[in-house]
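Please read the structure below before turning to the comments.
Bear in mind the structure is a predicted one, so any value in this text is a computation, not a measurement. What you see below is based on every heavy atom in this structure, not just the backbone, and it leaves out hydrogens, waters and symmetry mates.
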Amino acid sequence: MDSNMLADHRASKDEYLRTNPGSPIPQELRGSFAGLPYFAWNPDLILTLAVSPGDGTEIQVATSNGADRIYRRVGSVDFDLGGAAQTLHLYDTGHTSLFLPFRDATSGKETYGAGRYLDIEPNDDGTVTLDFNLAYSPFCAYSDGYSCALPPADNWMSVPIEAGEKTWQEPT
């Protein structure tokens, strides 16, 4: 995704959060919602990677409200970032896209403390493209009324991912 497409995507998401009845932004704040803060587009954080097949192991993933969800590990990707080797696991949640919950060195500082997500459509050649510019906060970042999966510890990175959504602060 180039910077113009990303700007359109972000504007569309902000409009959804401001106007859609299904928005997680509390109703009383939608009128003053000016949009989410974002990192600048970073083409260096768009990675097309080979997928190592997963073994289909089902794992229990904790959620923000204390319940567990079951996800099936379907693959992993390996890459170097910030001078360090990284491995992230991809999960099947029953949707057409793969689910990648992750935490990084920005979590709890510039980004939502519990972590962020990527939804990934596999490429036709068996690779996946991780476009961290599309990293987003789960709905529980905006309202306590949601239950969100917490990234498993094996998807925690010690390097910063300075791309995607930053933490939204409720106006005071």
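Across G115 and S107, no two heavy atoms sit closer than the pair CA-OG, 4.2 Å. Nearest heavy-atom pair, D68 versus Q60, reported as atom, atom and distance to 0.1 Å: OD2-OE1, 3.2 Å. The minimum heavy-atom distance between A135 and R116, with the atom names listed, is CB-NH1, 3.7 Å. Considering every non-hydrogen atom in both P160 and A105, the closest pair reads N-CB, 3.5 Å. Of all heavy-atom pairs spanning P24 and Y142, the tightest one is CG-CD1, 3.4 Å.
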- Query: Hey, mind stepping through E121 and T96 against side chain to side chain contact (heavy atoms under 4.5 Å, CB included) and telling me if it holds?
  - Reply: CA-CA 7 Å; E121 297 296 331; T96 58; 3.9 Å; yes
- Query: side chain to side chain contact (heavy atoms under 4.5 Å, CB included) between L47 and V128: does it pass, once the steps are laid out?
  - Reply: CA-CA 8 Å; L47 311 171; V128 293; over 6 Å; no
- Check against side chain to side chain contact (heavy atoms under 4.5 Å, CB included), K13 and R10: CA-CA 5 Å; K13 178 161 189 172; R10 290 174 172 179; 5.7 Å; no
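Remark: T63 engages N65, S147 in a side-chain hydrogen bond (donor to acceptor under 3.5 Å, both in side chains) (not counting sequence neighbours).
With hydrogens and angles ignored, the 3.5 Å screen pairs a side-chain donor or acceptor of D104 with a backbone N or O of T106. Checking side-chain atoms of Y16 against main-chain N and O of G22 turns up a donor-acceptor pair under 3.5 Å. Of the possible donor and acceptor atoms, none in the side chain of S12 sits under 3.5 Å from a partner among the backbone N and O of D8. Put simply, the side chain of W41 gets close to the backbone of M1: a donor and an acceptor are under 3.5 Å apart. Of the possible polar contacts, none joining the R18 side chain to the S23 backbone as a donor-acceptor pair under 3.5 Å is found. Although no hydrogens or angles enter the test, the distance criterion places no donor-acceptor pair under 3.5 Å between the side chain of S143 and the main chain of P26. Without hydrogens or angle criteria, E165 side chain to S137 main chain gives a donor-acceptor distance under 3.5 Å.
Cluster annotation: M5 is connected to I46 through the hydrophobic network of ILVMFWY side chains, with a link wherever side-chain heavy atoms come within less than 4.5 Å. Cluster membership check: I161 shares its hydrophobic cluster with L98, using side-chain heavy-atom separations under 4.5 Å among Ile, Leu, Val, Met, Phe, Trp and Tyr. Residues L100 and Y71 are members of separate hydrophobic clusters, defined by side-chain heavy-atom contacts under 4.5 angstrom among Ile, Leu, Val, Met, Phe, Trp and Tyr. A continuous path of hydrophobic side-chain contacts links I120 to L6 [ILVMFWY only; heavy atoms under 4.5 Å]. Cluster membership for Y38 and L118, using ILVMFWY side-chain heavy atoms within less than 4.5 angstrom, is not shared.
Judged purely by distance below 3.5 Å, without hydrogens or angles, the side chains of S97 and H95 never pair a donor atom with an acceptor atom. Side-chain atoms of N133 and D131 form a donor-acceptor pair, as typed in the model, at a separation below 3.5 Å.
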N/O donor-acceptor pairs under 3.5 Å from side chains in residues 150-159, not counting sequence neighbours:
unit_1	atom_1	unit_2	atom_2	d
D154	OD2	R73	NH2	2.9
N155	OD1	H89	N	2.8
N155	ND2	H89	O	3.0
N155	ND2	P101	O	2.9
W156	NE1	P151	O	3.0
W156	NE1	P152	O	3.4

Name every donor-acceptor pair, under 3.5 Å, that has one atom in a side chain of residues 75-85 and the other anywhere in the protein, sequence neighbours excluded.
unit_1	atom_1	unit_2	atom_2	d
D78	OD1	T87	OG1	2.5

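With values rounded to the nearest 0.5 angstrom, R72 atom CZ is found 10.0 Å from D55 atom CG. A distance of 13.0 Å separates OH of Y112 from OH of Y136, quoted to the nearest 0.5 Å. Distance CZ/F139 to OH/Y146: 6.0 Å, rounded to 0.5 Å. Rounding to the nearest 0.5 angstrom, the gap separating the CD atom in E110 from the OG1 atom in T167 is 8.0 Å. In this structure, the separation between OG1 on T129 and CG on N123 is 4.0 Å, given to the nearest 0.5 Å. Rounding to the nearest 0.5 angstrom, the gap separating the CG atom in L90 from the CZ atom in F99 is 11.0 Å.
Applying the ring-ring contact (aromatic ring centres under 6.0 Å, His included) test between F132 and each of F39, Y117, F102 identifies F102 as the sole match.
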